[in-house]
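For this chain, numbers begin at 1 and follow the sequence in order.
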Amino acid sequence: MKLRCAMLGAVLLSGVFCICGAHADAAFQTWLQSQWPQAQALGVSRATFDAATRGLEPDLTLPDLVLPGRPEQPSQAQPEFVQTPADYLKEPAIEELAVQGRKLLAQYHAPLVAIEQQFGVPPAILLAIFGRETDYGRETDSRNAIRVLATQAWLGRRKDKFGQEFLDALKILEAGKIKIADMKSSWAGAMGLTQFLPSDYLKYAVDFDGTGSADIWHSVPDALASAAKQLLGEGWQPGVHWAYEVRAPADVDCTIGVPGDTLPIGEWLKRGFVPAFGRVLSDAERAETASLLQPASRYGPSFLATRNYFAIKEYNFSDLYVLFVGHLSDRIADGRPFETPWAKIAQLPTADLVRMQQILTARGYYHDKIDGKAGMLTRAALGAYQKSNGLKVDCWPSAAVLAQMQTH
């Protein structure tokens, strides 16, 4: 598709022509050819490079691009980072995925058992990732991965990251594992049934069905085994549950809900935390270390998160993503919803969360990146601020607390 000046109205800062038509093609082609020496150094042949880039045009419809001369748009927000837990973990969606997951558990029983034997990751966890990422393959990517990655590397907010992913995608093509026409991705370059970036594919992709290539786009066993290998590589501990829902004591200090504040699960239980549904934990489970997770602070379920919780978090850094995957895996095996329901609360817009993090940073409460996401560290820092300022301590970022911060 040719790019039109009238549509874009963008002016390159390095010249006096708009990103459109032949000018855009020329600028993009110049950038593409500048990538050849790096691709060659990685073992990509000229034939592969030319086949992948011949006639390639940038896709300026992608989110998260910074177009010279066009007002910068807010970053594309993943639902994991802008929705409340209740909005993200909708019961009908979870139940529908759990029902389908049980069917797939039976359908792929043999490879799932073999994958667990090799990598130590339970079948339900892998199916939950499969379900969350692509609705068990029913949601398919249609974008040309090379075009997506090249566009993001040329004009995206994270040029360096996508520049390397673009080169890694060329390495995959060079190895002959997938045809260019079949290498599809999301708008952010994630590929296949379990959504791997090219760098993850190179590190973790597994040819589990023995066809000669690790086909995460079409082979369910390959995709699930690759996800298992990645989780193991990110620290998954075989035999350890991802997390346990618990009822927290009424006077629990929400500021202790951070990854570094860990105790053996047995110690948490001695402090008044009670496993949901009266579950009785074994001695081995009680000996595992865990941290407190309260995704909605006092307004929803509490969890004791083990090391495997954080291994899943390396797959996707959102707490709500991990909670979705972990809970869906439990539902595939058990069928019961959360014991404690989610209360109705509001999520601050990203810009307001950024402002809150800036204030907390300036006043010495927050020491992590300012990203507009209400993660564990942000919630704990907010709770510490609430303590110091005589406010109700609930660790939940609200418009009322932000207004108080801005006037005091």
Side-chain angles (χ1 to χ4, degrees), residues 1-76 78 139-192 195-199 201-202 216-217:
M1 179 180 68
K2 292 297 181 182
L3 308 173
R4 304 180 187 280
C5 290
M7 292 172 56
L8 300 174
V11 180
L12 281 176
L13 299 181
S14 59
V16 290
F17 54 92
C18 63
I19 301 183
C20 61
H23 294 306
D25 293 344
F28 184 59
Q29 288 301 321
T30 297
W31 177 85
L32 278 177
Q33 294 308 314
S34 74
Q35 304 304 298
W36 161 241
Q38 297 176 71
Q40 184 181 34
L42 292 174
V44 177
S45 68
R46 187 74 214 196
T48 296
F49 185 88
D50 287 346
T53 60
R54 185 179 298 114
L56 198 66
E57 294 179 346
D59 182 356
L60 299 193
T61 68
L62 297 178
D64 279 10
L65 302 184
V66 180
L67 300 175
R70 176 189 285 183
E72 187 168 347
Q73 300 297 312
S75 178
Q76 176 82 0
Q78 293 176 260
E139 293 179 2
T140 57
D141 297 319
S142 59
R143 294 180 173 89
N144 177 322
I146 296 297
R147 187 185 187 199
V148 166
L149 295 166
T151 303
Q152 293 285 6
W154 185 46
L155 290 172
R157 283 185 170 87
R158 297 176 291 167
K159 292 184 176 67
D160 291 344
K161 172 181 174 57
F162 280 106
Q164 185 58 54
E165 296 295 344
F166 169 69
L167 295 171
D168 285 342
L170 295 177
K171 288 179 64 177
I172 295 171
L173 291 176
E174 179 66 30
K177 302 301 184 183
I178 187 76
K179 296 178 181 178
I180 296 175
D182 293 333
M183 185 183 269
K184 303 297 185 181
S185 79
S186 71
W187 67 263
M191 309 181 302
Q195 294 290 276
F196 272 33
L197 287 169
S199 58
Y201 180 95
L202 291 174
I216 63 171
W217 292 267

Main-chain N/O of Arg143 paired with Asp141 side-chain donor or acceptor, under 3.5 Å: no
Worked check of side-chain contact (heavy atoms from CB on, under 4.5 Å) between Leu56 and Phe28: CA-CA 9 Å; Leu56 198 66; Phe28 184 59; 4.1 Å; yes
Whether Trp31 and Phe166 hold their rings parallel, tilted or perpendicular, with breakpoints at 30° and 60°: tilted
Only pairs under 3.5 Å count here: list side-chain donor-acceptor contacts from residues 168-180, not counting sequence neighbours, and write none if there are none.
| from | atom 1 | to | atom 2 | distance (Å) |
| --- | --- | --- | --- | --- |
| Asp168 | OD1 | Gln164 | NE2 | 3.1 |
| Glu174 | OE1 | Ser45 | N | 2.9 |
| Glu174 | OE1 | Ser45 | OG | 2.9 |
| Glu174 | OE1 | Thr48 | OG1 | 2.6 |

Leu62 vs Leu155, side-chain contact (heavy atoms from CB on, under 4.5 Å): CA-CA, chis, key distance, verdict: CA-CA 10 Å; Leu62 297 178; Leu155 290 172; over 6 Å; no
Measuring from [X]:[atom1] to [Y]:[atom2], what's the distance to the nearest 0.5 Å?
X      : Y      : atom1 : atom2 : value
Thr30  : Trp154 : OG1   : CH2   : 9.0 Å
Lys161 : Ser199 : NZ    : OG    : 5.5 Å
Gln40  : Phe49  : CD    : CZ    : 10.0 Å

Over all atoms of both residues, closest heavy-atom pair of [X] and [Y]:
X      : Y      : value
Ala188 : Phe162 : O-CE2, 3.2 Å
Ser185 : Met191 : CB-CG, 3.8 Å
Gln152 : Pro63  : NE2-O, 3.2 Å

Side-chain heavy-atom pair Leu149, Pro198 within 4.5 angstrom cut-off: yes
Flag side-chain contact, heavy atom, 4.5 Å: Glu165 against Tyr201: no
More than 12 heavy atoms from other groups under 6.0 Å of CG on Asp50: yes
Derivation and outcome, side-chain contact (heavy atoms from CB on, under 4.5 Å), residues Thr140 and Lys184: CA-CA 9 Å; Thr140 57; Lys184 303 297 185 181; over 6 Å; no
